[in-house]
Protein chains: 2
Amino acid sequence: MDRIPILRMGQYLLVTIQIDLYDRLATNLESDLVQAVSKTGARGVLIDISALSIVDSFMGRILNNIGSMSKIMDAETVVVGMQPAVAITLIELGLELKGVHTALNVEKGMELLAAKINSAYEDPDEDEAGTE
Amino acid sequence: MDRIPILRMGQYLLVTIQIDLYDRLATNLESDLVQAVSKTGARGVLIDISALSIVDSFMGRILNNIGSMSKIMDAETVVVGMQPAVAITLIELGLELKGVHTALNVEKGMELLAAKINSAYEDPDEDEAGTE
């Protein structure tokens with residue numbers, strides 16, 4: 001398989017990662033996602049990794065990349081469904097997934113995205129608090 | 001990978017099939033889905049097959065099985081994202097996917113599910129029209 005499907009759901013994009021992301025698959029996913037955000041005007045990207053029982057630094061970097069790219073395109077990224085063992089491994093590897101938000105499952109991830117998007121509308125200067 | 005993740009979204013369950021369903025994977029998916037419907041009280045099952053570029057009679061039977069099992073559990077099944085080549089193959093194989101509904105993409109699938117579920121509430125005797 002060369003591409004991971006990206007599902008559009010309203011203003012969100014949903015991606016389920018079920019297999020290990022080797023180089024080309026990861027590169028394709030990054031470019032497909034950025035293009036999908038651009039084409040659909042999506043405000044949020046949900047990445048489900050509940051099928052992954054192992055994770056390495058490459059996967060961590062890919063998730064961070066996706067988060068940063070989406071952010072530039074004005075979309076928030078939430079990683080959901082992380083298995084406890086994966087969370088342990090990530091921290092032991094020193095990867096903190098700084099570029100993305102995380103939530104327990106898809107429903108909570110959607111709630112988080114909705115909250116993020118609404119708060120962005122209400123307070124666009126959120127990141128520059130204190131500049132006034 | 002032994003299991004395909006099943007994502008819960010409100011009253012729907014979403015499954016993205018990205019790899020060929022060999023025997024055990026298919027059996028697991030069937031039992032996992034029925035259990036998920038039972039546990040969550042889901043009213044609809046959405047199966048995205050946009051990543052599948054080929055399909056065989058086994059896959060067709062699995063989709064039909066899932067549709068029939070979900071129906072017994074009072075949930076509708078919609079298959080979405082079918083590639084044109086897959087549709088051609090299914091018909092050439094003589095498989096009509098009678099147990100499931102189909103829609104072009106996830107959004108249209110969700111609309112279809114919502115319509116099916118609402119009409120079921122409004123007219124529970126839909127299937128027995130003419131018995132009055």
Side-chain angles (χ1 to χ4, degrees), chain A residues 1-22 24-26 28-29 32-33 35-36 39-55 59 78-86 103-114, chain B residues 1-22 24-26 28-29 32-33 35-36 39-55 59 78-86 103-114:
Chain A
M1 190 181 60
D2 277 358
R3 296 195 127 70
I4 293 178
I6 298 170
L7 309 182
R8 182 183 181 180
M9 308 186 52
Q11 53 184 345
Y12 306 131
L13 299 176
L14 178 66
V15 179
T16 313
I17 300 179
Q18 299 178 1
I19 56 176
D20 283 337
L21 286 179
Y22 53 88
R24 190 161 50 123
L25 196 58
N28 282 349
L29 179 61
D32 287 354
L33 256 181
Q35 278 171 27
K39 202 168 66 179
T40 63
R43 298 298 316 278
V45 176
L46 256 162
I47 303 178
D48 174 77
I49 59 168
S50 58
L52 297 184
S53 49
I54 52 170
V55 76
M59 172 72 84
V78 176
V79 172
V80 302
M82 191 183 295
Q83 292 187 16
V86 169
L104 193 63
N105 55 39
V106 175
E107 286 191 313
K108 288 188 200 294
M110 290 240 171
E111 285 169 19
L112 179 61
L113 274 181
Chain B
M1 191 181 62
D2 277 357
R3 296 195 127 71
I4 293 178
I6 298 170
L7 309 182
R8 182 181 181 183
M9 309 187 52
Q11 53 184 344
Y12 307 131
L13 299 175
L14 179 64
V15 179
T16 313
I17 299 179
Q18 298 178 4
I19 54 175
D20 283 338
L21 287 180
Y22 53 89
R24 190 161 48 124
L25 196 59
N28 283 349
L29 178 61
D32 286 354
L33 256 180
Q35 278 170 28
K39 202 168 65 179
T40 64
R43 297 299 315 277
V45 176
L46 257 161
I47 303 177
D48 175 77
I49 59 169
S50 59
L52 296 183
S53 50
I54 51 169
V55 75
M59 172 72 84
V78 177
V79 172
V80 303
M82 190 183 295
Q83 292 187 18
V86 169
L104 193 60
N105 54 39
V106 174
E107 286 191 311
K108 288 188 201 293
M110 290 239 172
E111 284 170 19
L112 179 61
L113 274 182

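Computation of the quantities below employed the complete heavy-atom set of this structure, encompassing side-chain atoms and omitting hydrogens, waters and symmetry-equivalent molecules. Quick caveat: nothing in here was measured; it's all calculated off a predicted structure.
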Show, in sequence, the C-alpha distance, side-chain angles and deciding distance for B/Leu7 and A/Leu14, and conclude whether the side chain to side chain contact (heavy atoms under 4.5 Å, CB included) test is met.
CA-CA 11 Å; B/Leu7 309 182; A/Leu14 178 66; 3.9 Å; yes
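Residue A/Asn105: no heavy atom, backbone or side chain, is found under 4.5 Å from chain B.
Taking each heavy atom of B/Thr16 and A/Gln18 in turn, the nearest pair found is O-NE2, 2.6 Å. Among all heavy-atom pairs drawn from B/Met110 and A/Met9, the shortest one is CE-CE, 3.2 Å.
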